[in-house]
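Chain naming here is simple, since letters A, B, ... match the order of the sequence lines and numbering starts at 1 in each.
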Amino acid sequence: MLKVEEQEPVAFSLSLIEKFNEIVGRYPEGKQKSALLPILHEVQAEQGWLSVPAMDKVAVYLGLESIEVYEVASFYSMYFLRPQGKYVLEVCRTGPCCLVGAEKILKHIENTLGVKEKEVTPDGLFSWRGVECLAACGFGPVLQIGPEYTFYENLDEQKVDQLIQDLRNK
Amino acid sequence: MGRKLLLEHINVPGINTYDVYRQKGGYRAVEKALKMTPDEVVEEVKLSGLRGRGGAGFPTGMKWSFLAKPEGVPRYLVCNADESEPGTFKDRYLMTHIPHALIEGMIVSSFALGAKTSYIYVRGEMMPQIRILERAIAEAKNAGFLGKNILGSGYDLELYVQPGGGAYICGEETALLESLEGKRGNPRIKPPFPAIAGLYGRPTVVNNVESIAATVPIINDGGEEYSKIGIGRSTGTKLISASGNLVKPGVYEIELGLSVEEFLYSDEYCGGIANGKRLKATVAGGSSVPILPANLTLKYANGEPRLMSYESLSEGGFATGTMMGSGGFIAFDEDQCIVRNTWNFARFYAHESCGQCSPCREGTGWMEKVLHRLEHGQGKLSDIDLLVDVSKKIEGNTICPLGDAAAWPVASAIRHFRDEFEWHVKEPVKSLQMNYGIASYAVPIAKAEVTI
Ligand SMILES: Cc1cc2nc3c(=O)[nH]c(=O)nc-3n(C[C@H](O)[C@H](O)[C@H](O)COP(=O)(O)O)c2cc1C
Ligand code: SF4
Ligand code: FES
């Protein structure tokens, strides 16, 4: 995690709070802690990552101790505890995808973006990382981009170049 | 052509929408089930012989009959859509293309179990599928198949989709329940089993997506009809996720009992090995099951053909067999390096261990490091036995089966491909530059002599 002193206070939008209320309504009375994972996804989708002040606010909203939020956010691989590029390219690096060329794709992305895994490009647009099997092994190599987790299948180097180009032009 | 019960309409345009799904006979199972008693529905599922499609293969009807039903206490059905076992991608496929098959199955199953609130726990990365399911639920509700007093039967059901956070371990059912309660995904010590104390401490059934979807044809055609498909105690159809070096990787619905050879080589299914190569090895049931060389994939040690069924895939035990698992069928061609793949899988399990038990936490990390140095030409011959030793110390000594799942791939790779591991030690430079090749793994097994 980043040093807390460095982190700006956050404000949640009204529509985000409305979404929280809808999510909490899915569980029985008193079981609002169940809303934690979905709410953290919503916060990350709006803010790009989970800062300590954002997690603290979620804790207050759900009536939890802050530590209950931190321990969940740090356990699961999808939550970012530091700022990322605007587009995070997440490439599957697990066995079946490697049989059909995932390692080459990872290397190609590293070379093309010019930054190491989990680093952000100087223009703030991209970061990338290897992730585990995305349940699409028959269509590999694959990558996804949050927050909507748009999915790209049967990748080769040309398709990756095209994708990066399209995102740059967006 | 094999019968298709789940994917019959996969190519019908618009089958992902309520209207088209309904036109094709969708939601008949709900109409039929609601005219039966819940116990009658359970009975049909028992009759069908359906076995859990999530990996363990436990009979679904029997699992349902263990559910505790104390008066005045809510019970839950939770669908396991966490699909993260490497090599497995059938649930995501089904939810993407025919979401209503799962929704319909959830209604039938929830009614059978007396659940009034049910959850579908979908792995968080499947955000597009989450949106698809949410839309399907809204459509079903709009048509009167969800909500209060469904079809005037007096039965109420609310169905919600819950996203995970990205953790393989949350596929383990008690870790999944912890996660659904908003906690870290640490598996619980059993007993108590979820059937007694599951979600929020209430009686709960956890079932895989495919198991739940299979209740639809079971109710439509009757459990007995379903049980006639397949072979022995492997009844019905099964979705197989086929990946790796195949001409046609993808999701296939097979009748259990199809021969492995036909599945791999016929044009109806995988169409053979890609690029004219030869088959070296397979992992038949997702990354957690033992790897087999080509010869033992196609035939038992005694030369009889192996079939795609729970019993046949495990024929020979771990010495010469494997397991059906989740039906994730991974094919390796002659150019693939077994050591590298074993290291890759070990890295996966080390990454995904929840860290609660030391044999799993430490053992998976250790295996990953040793395999890494073997693969990168820095290993010793003694490393190979060290790996076997570590895998034995993990196996059976942990809270949940992830420990076994991490140990088996390593132990089986060494069992069948020890010479390839040794080659990595003896020829470190070559092993970094090229591949060991196919050796004798693809040699057909001689028919065993019949002696009287
Ligand atoms: C480490 C681990 C991961 C698992 N992952 C999944 C999974 O992704 N999907 C699934 O349905 N079952 C998974 N299981 C099996 C579940 O614990 C459980 O047996 C299954 O959901 C029961 O459903 P079924 O009886 O319909 O197969 C996993 C088990 C373990 C130990
Ligand atoms: S076996 Fe591994 S994953 Fe399972 S509870 Fe123990 S440490 Fe966690
Ligand atoms: S191994 Fe890449 S999606 Fe499964």
### Task
With rounding to the nearest 0.5 Å, note down the distance linking NZ in A:Lys33 to CD in B:Glu181.
9.0 Å

### Message
If I measure from the heavy atoms of chain A, does B:Tyr76 come under 4.5 Å with its side chain, its backbone, both, or neither?
### Response
side chain

### Task
Test A:Glu71 against B:Lys183 for salt bridge (charged side-chain N to carboxylate O under 4.0 Å, His left out), laying out the working first.
CA-CA 8 Å; A:Glu71 67 175 12; B:Lys183 302 181 213 152; over 6 Å; no

### Message
Please output the residues of residues 93-103 of chain A in contact with chain B, using a heavy-atom cutoff of under 4.5 Å, in numerical order.
### Response
A:Arg93, A:Thr94, A:Gly95, A:Pro96, A:Cys98, A:Leu99, A:Val100, A:Glu103

### Task
Mind ranking A:Leu37, A:Thr150, A:Leu36 by heavy-atom pairs under 4.5 Å with chain B and telling me who comes out on top?
A:Leu37

#### Entry: Ionic contact status for B:Glu158 with A:Arg26, cut-off 4.0 Å
no

## Note on the structure
Of all heavy-atom pairs linking A:Ala136 and B:Phe89, the shortest is N-CB, 3.7 Å

### Message
Rounded to the nearest 0.5 Å, what separates atom OH in B:Tyr200 from atom OH in A:Tyr27?
### Response
6.5 Å

### Query
When only pairs under 4.5 Å are counted, which of B:Tyr119, B:Phe348, B:Tyr160 shares the most heavy-atom pairs with chain A?
B:Tyr160

### Query
A:Cys133 versus B:Tyr168: any side-chain heavy-atom pair under 4.5 Å?
no

### Query
Taking atom CD1 of B:Ile169 and atom OH of A:Tyr76, what is their separation to the nearest 0.5 Å?
10.5 Å

### Message
Looking at chain A, which one of B:Gly250, B:Gly164, B:Cys170 has the largest number of heavy-atom pairs inside 4.5 Å, strictly under?
### Response
B:Gly164

### Query
What part of B:Ser241 gets closer than 4.5 Å to chain A, counting heavy atoms only: side chain, backbone, both or neither?
neither

### Message
For chain A, which candidate among B:Pro86, B:Ala167, B:Ala274 shows the most heavy-atom pairs at distances under 4.5 Å?
### Response
B:Pro86

### Query
NZ of B:Lys248: more than 12 outside heavy atoms within 6.0 angstrom?
yes

### Query
Roughly how far apart are B:Ile130 CD1 and A:Tyr149 OH, rounded to 0.5 Å?
10.0 Å

### Query
Which bit of B:Cys337 is near chain A, if near means a heavy-atom gap under 4.5 Å: side chain, backbone, both or neither?
neither

### Task
Please look at B:Ser179 and chain A and tell me whether the side chain, the backbone, both or neither of the residue comes under 4.5 angstrom of a heavy atom of that chain.
both

### Query
For the residue pair A:Phe139 and B:Tyr93, does the interplanar ring angle fall in the parallel (under 30°), tilted (30 to 60°) or perpendicular (over 60°) class?
parallel

### Task
Flag the one option from B:Ser287, B:Ala242, B:Gly87 with the top tally of heavy-atom pairs under 4.5 Å to chain A.
B:Gly87

### Query
Can you say whether A:Gln144 sits under 4.5 Å from chain B via the side chain, the backbone, both, or neither, judging by heavy atoms?
side chain

### Task
Could you tell me the separation between the CE atom of A:Met78 and the CE atom of B:Met127, rounded to the nearest 0.5 Å?
5.0 Å

#### Entry: Region of B:Ala331 in contact with chain A, defined by heavy-atom distances below 4.5 Å
backbone

#### Entry: Which portion of B:Gln336 sits near chain A, non-hydrogen atoms under 4.5 angstrom
side chain

#### Entry: Within 6.0 angstrom of A:Asn111 CG, more than 12 heavy atoms from elsewhere
yes

#### Entry: Crowding at NZ, A:Lys19 (>12 non-hydrogen neighbours, <6.0 Å)
yes

## Note on the structure
What one should report as the nearest heavy-atom pair of B:Gln162 and A:Ser34 is NE2-O, 3.0 Å

### Task
Can you measure from CD (B:Glu83) to CG (A:Leu134) and round to the nearest 0.5 angstrom?
11.0 Å

### Cation-pi, A:Phe151 ring and B:Arg92 (6.0 angstrom, 45 degrees)
yes

### Task
Would you mind reporting whether A:Cys137 and B:Thr88 have side-chain heavy atoms less than 4.5 Å apart?
no

### Message
Could you tell me if the side chain of A:Glu132 sits less than 4.5 Å from the side chain of B:Glu125, heavy atoms only?
### Response
no

